[in-house]
K.L.:
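Dumping the structure here so I can ask a few things about it.
Naming: A, B, ... by sequence-line order, numbering from 1 per chain.
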Amino acid sequence: MGATIVEKIFSGKCGSTIRAGDVVMAPVDGAMIHDITGPLAIQKFYEMGGERVFNPRRIIMLFDHQIPADSIEAAKNHVYMRRFAAEQGIHNYDICEGVCHQVVMEKGHAAPGEIVVGADSHTCMYGATGAFATGIGSTDMGFVLKFGALYFRVPESIRAEVNGTFQPRVGAKDLILSIAADIGADGATYKAIEFCGDTIRNLNMAGRMTCCNMAIEMGAKAGIVAPDTITWDYLKGRREMTPFILNSDPDAKYEERRSYDVTKLEPQVATPHNVDQGVPVGKVAGTHIDQIFIGSCTNGRFEDFTEAAEVLGDRKFSDKVRVIIIPSSRDEYLKTLRAGLIEKFVTAGALVEAPSCGPCMGGAFGLLAPGEVSLSTSNRNFKGRQGSTEAFVYLCSPATAAASAITGEITDPREV
Amino acid sequence: MRVWKFGDDIDTDAIIPGRFLTIYDEKELAKHAFEGTRDDFSKLAKDGDVIVAGRNFGCGSSREHAPLALKGAGVRFIVAQSFARIFFRNAINVGLLPLVCDDTSGIRDGSSIVVKEREGKVIVEGKEYAIEPVPDFMYNIVEAAGLVGYAKQLKEIPVCTKSRQ
Ligand code: SF4
């Protein structure tokens, strides 16, 4: 019987046949820590008797959630982490590089066939390169920092085959919101979701990242796309590696197979307070909004801002909404800046911030008051996620966010 | 011991909102547990109280602050129909035991509960509910008083050894 791509990655790392359901102590190729989960991971590393980390070059450290430090407590955490990086010889990207997941991808810290862990749930995004990547807690991360390995229960895979061509102004975010609505918030718990089919093959890396990023919103341990020429092209200049073939065998055993056709897919909006509450935009069109956020590790890339700018054209954003735009990394910021889009957004009335998580998780700035409504291109709309527990968060694509920013209410991007 | 009853999809933002994540002390975190969603919890929860919930408890972020906040409030066991994966692991790693129970819908908030985890059951108001056994490798960690204790015993780790669950 054949193997899934996930089983092949674990087998390759361990040098023996590993199947879904096996529990293995597998070596990890990379480990990411950021300003929120890092301090506790470091503390756990010391509590475990750690002295030197397993390999400083394989640890990716950066600050993105609360930057520049928005409280004295946050500043103290940053100092603690900087000191650890200096002592251990870990390269620290610090506050200037961007959102953790985007930085890991851009700097080539995840590649096909690798096992990468991060002390953050959206670590599953690196599956877009054909790596097995999963989010872990701080104690698990303390263990990884010390030993460079971790226990994994190798997951069964759900095969999500996507075919068809998107309508104009419909894309990867609409697709993943519709898949989340279909699979449900816990429909893929403990499983890996393997995205395949023509639509995925034709998606650029930005779109693949958007899909894999949100695998956790269905409870999945990982999202993954088999590497192809798009993947290897993306890795050029980021990672020295000779391309190789890595994909699931035709007779691999899947937990479940699902297929999707995007030909008639409409722009999707996830309604409060769960990611799996997605509906076609028409169902909520006209909903009043107070704040719009275009950014995050899900949709803060140059491609996303291009999509938003195309919808915007030469118009202005409505003065009824606050529009906050945050590129997910320095690279994405520079690309957007050089293309003239930052000027365009600022002229249209947006507040553009430096790369960070921003209002995505309600930990720093851009918080919502009770009763306020936010429309966001990020990945979570839980109660209280962006501030007050009495606020409402809707999720959508950059195109829908831009269209809604023009009118001041939730709007179908095909109609502006 | 009293039951604190919650519904489905209780996420980590509800358990401990993002603005408290600069705190790492479990007692301090406990003061903000369920802040804004269930304010009586942090005031009234007592040592040994049990959280009972529906499906997908602990979904969302990987923040270990969530199980720590509950542990700080005195909770030792969480009984739910299912758990989100990262929360499940984090809970065990910090010494909280997540117990899976097929149907918790009949268990009411404020009831008294006795947990017999080794016997695979919980008893609520005299009625027994079966719970699933905790996987062996997880028990190994719990028996070492969490992952920290387990890691301390190890000189070298058994890389690439495998076992079936
Ligand atoms: S942008 Fe949002 S989802 Fe992404 S890492 Fe930051 S807080 Fe998490």
Side-chain angles (χ1 to χ4, degrees), chain A residues 13-16 18 21-27 36-37 39-40 43-44 47-50 65-66 71 73-74 76-77 118-121 123 134-140 142-143 146-147 149 151 153 185-186 189-190 216-217 219-221 274 361-363 367 380 382-385 388-390, chain B residues 8-14 17-24 34-37 55-57 59-68 81-94 135-138 140-141 146-152 154 156-165:
Chain A
K13 282 282 141 203
C14 290
S16 63
I18 308 270
D22 286 339
V23 176
V24 283
M25 176 72 82
I36 296 277
T37 53
L40 195 53
Q43 202 177 307
K44 294 294 168 188
E47 280 175 31
M48 288 173 192
H65 282 64
Q66 294 175 310
S71 67
E73 288 314 310
K76 284 200 241 168
N77 287 338
D120 189 285
S121 59
T123 298
T134 193
I136 61 175
S138 294
T139 302
D140 273 339
F143 190 92
K146 183 168 181 207
F147 296 108
Y151 274 117
R153 183 189 171 281
D186 62 350
T189 302
Y190 298 100
I216 178 71
E217 305 311 332
K221 189 166 192 168
N274 261 318
M361 69 128 218
L367 305 190
R380 266 185 198 145
F382 300 155
K383 245 185 194 171
R385 173 79 179 175
S388 168
T389 47
E390 288 156 55
Chain B
D8 293 339
D9 299 321
I10 299 300
D11 58 76
T12 52
D13 284 271
R19 59 189 181 281
F20 303 117
L21 300 186
T22 49
I23 306 171
Y24 297 101
F34 295 110
E35 190 165 315
T37 32
R55 285 168 40 193
N56 204 23
F57 188 86
C59 60
S61 109
S62 66
R63 60 188 71 159
E64 211 156 289
H65 309 66
L68 278 177
Q81 283 166 218
S82 65
F83 290 89
R85 181 189 64 83
I86 306 178
F87 182 90
F88 187 85
R89 255 183 107 122
N90 284 349
I92 288 176
N93 285 347
V94 306
D136 269 356
F137 75 100
M138 291 288 192
N140 292 343
I141 293 170
L147 190 64
V148 171
Y150 176 78
K152 272 199 214 156
L154 295 172
E156 271 189 34
I157 50 155
V159 181
C160 295
T161 52
K162 71 170 180 183
S163 56
R164 295 294 297 191
Q165 194 183 308

K.L.:
Could you look at B:T12 and say if it's the side chain, the backbone, both or neither that has a heavy atom under 4.5 Å from chain A?
P.N.:
neither
K.L.:
Without swapping roles, check the side chain of B:D8 against the backbone of B:R55 for a donor-acceptor pair under 3.5 Å.
P.N.:
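Pair found, side chain donor or acceptor close to backbone of B:R55.
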K.L.:
With chain B as the partner, which of A:N77, A:I18, A:T37 has the greatest number of non-hydrogen pairs under 4.5 Å?
P.N.:
A:N77
K.L.:
So which of A:G362, A:A185, A:S138 has the biggest tally of heavy-atom pairs under 4.5 Å with chain B?
P.N.:
A:S138
K.L.:
Which bit of A:T389 is near chain B, if near means a heavy-atom gap under 4.5 Å: side chain, backbone, both or neither?
P.N.:
side chain
K.L.:
Highest number of heavy-atom pairs under 4.5 Å with chain A: which of B:I23, B:V94, B:L21, B:T37?
P.N.:
B:L21
K.L.:
Contact part of A:T189 toward chain B, heavy-atom cut-off under 4.5 Å: side chain, backbone, both or neither?
P.N.:
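Contact with chain B: side chain only.
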K.L.:
Could you tell me which residues satisfy salt bridge (Lys or Arg N to Asp or Glu O under 4.0 Å) with B:R89, sequence neighbours excluded, listed by chain and number?
P.N.:
A:D140
K.L.:
What I'd like to find out is whether the side chain of B:L147 reaches to under 4.5 Å of the side chain of A:M48, using heavy atoms alone.
P.N.:
yes
K.L.:
Please tell me whether B:S61 and A:R380 have a donor and an acceptor in their side chains that are separated by less than 3.5 angstrom.
P.N.:
no
K.L.:
Any idea how A:F143 and A:Y151 line up, ring-wise: parallel (<30°), tilted (30 to 60°), or perpendicular (>60°)?
P.N.:
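The rings of A:F143 and A:Y151 lie parallel, inter-plane angle below 30°.
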K.L.:
Can you measure from CD1 (A:I36) to OG1 (B:T22) and round to the nearest 0.5 angstrom?
P.N.:
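These two atoms lie 7.5 Å from each other.
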K.L.:
Which one, A:E73, A:M361, A:R385, A:Q66, leads in non-hydrogen pairs under 4.5 Å with chain B?
P.N.:
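Ranked by heavy-atom pairs under 4.5 Å with chain B, first place is A:R385.
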K.L.:
Donor-acceptor pair, distance only, cut-off 3.5 Å: does the side chain of B:D11 make one with the backbone of B:D13?
P.N.:
yes
K.L.:
Mind ranking A:A74, A:P39, A:G15 by heavy-atom pairs under 4.5 Å with chain B and telling me who comes out on top?
P.N.:
A:P39
K.L.:
Go through the atoms of B:F88 and report whether side chain, backbone, both or neither lie under 4.5 Å from a heavy atom of chain A.
P.N.:
side chain
K.L.:
Heavy atoms only, distances under 4.5 angstrom: which of A:T123, A:D120, A:L367 has the most pairs with chain B? Name it, please.
P.N.:
A:D120
K.L.:
Measure A:I216 against the heavy atoms of chain B and call it side chain, backbone, both or neither at under 4.5 Å.
P.N.:
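Contact with chain B involves the side chain of A:I216 alone.
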K.L.:
For B:L68, is it the side chain, the backbone, both, or neither that has a heavy atom closer than 4.5 Å to a heavy atom of chain A?
P.N.:
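Just the side chain, heavy atoms under 4.5 Å.
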K.L.:
I'd like to check the side chain to side chain donor-acceptor pair (under 3.5 Å) partners of B:E35; sequence neighbours left out, ordered by chain and number.
P.N.:
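Expected list: B:H32.
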K.L.:
Distance check, rounded to the nearest 0.5 Å: A:K44 atom NZ versus A:K146 atom NZ?
P.N.:
14.0 Å
K.L.:
What part of A:K13 gets closer than 4.5 Å to chain B, counting heavy atoms only: side chain, backbone, both or neither?
P.N.:
backbone
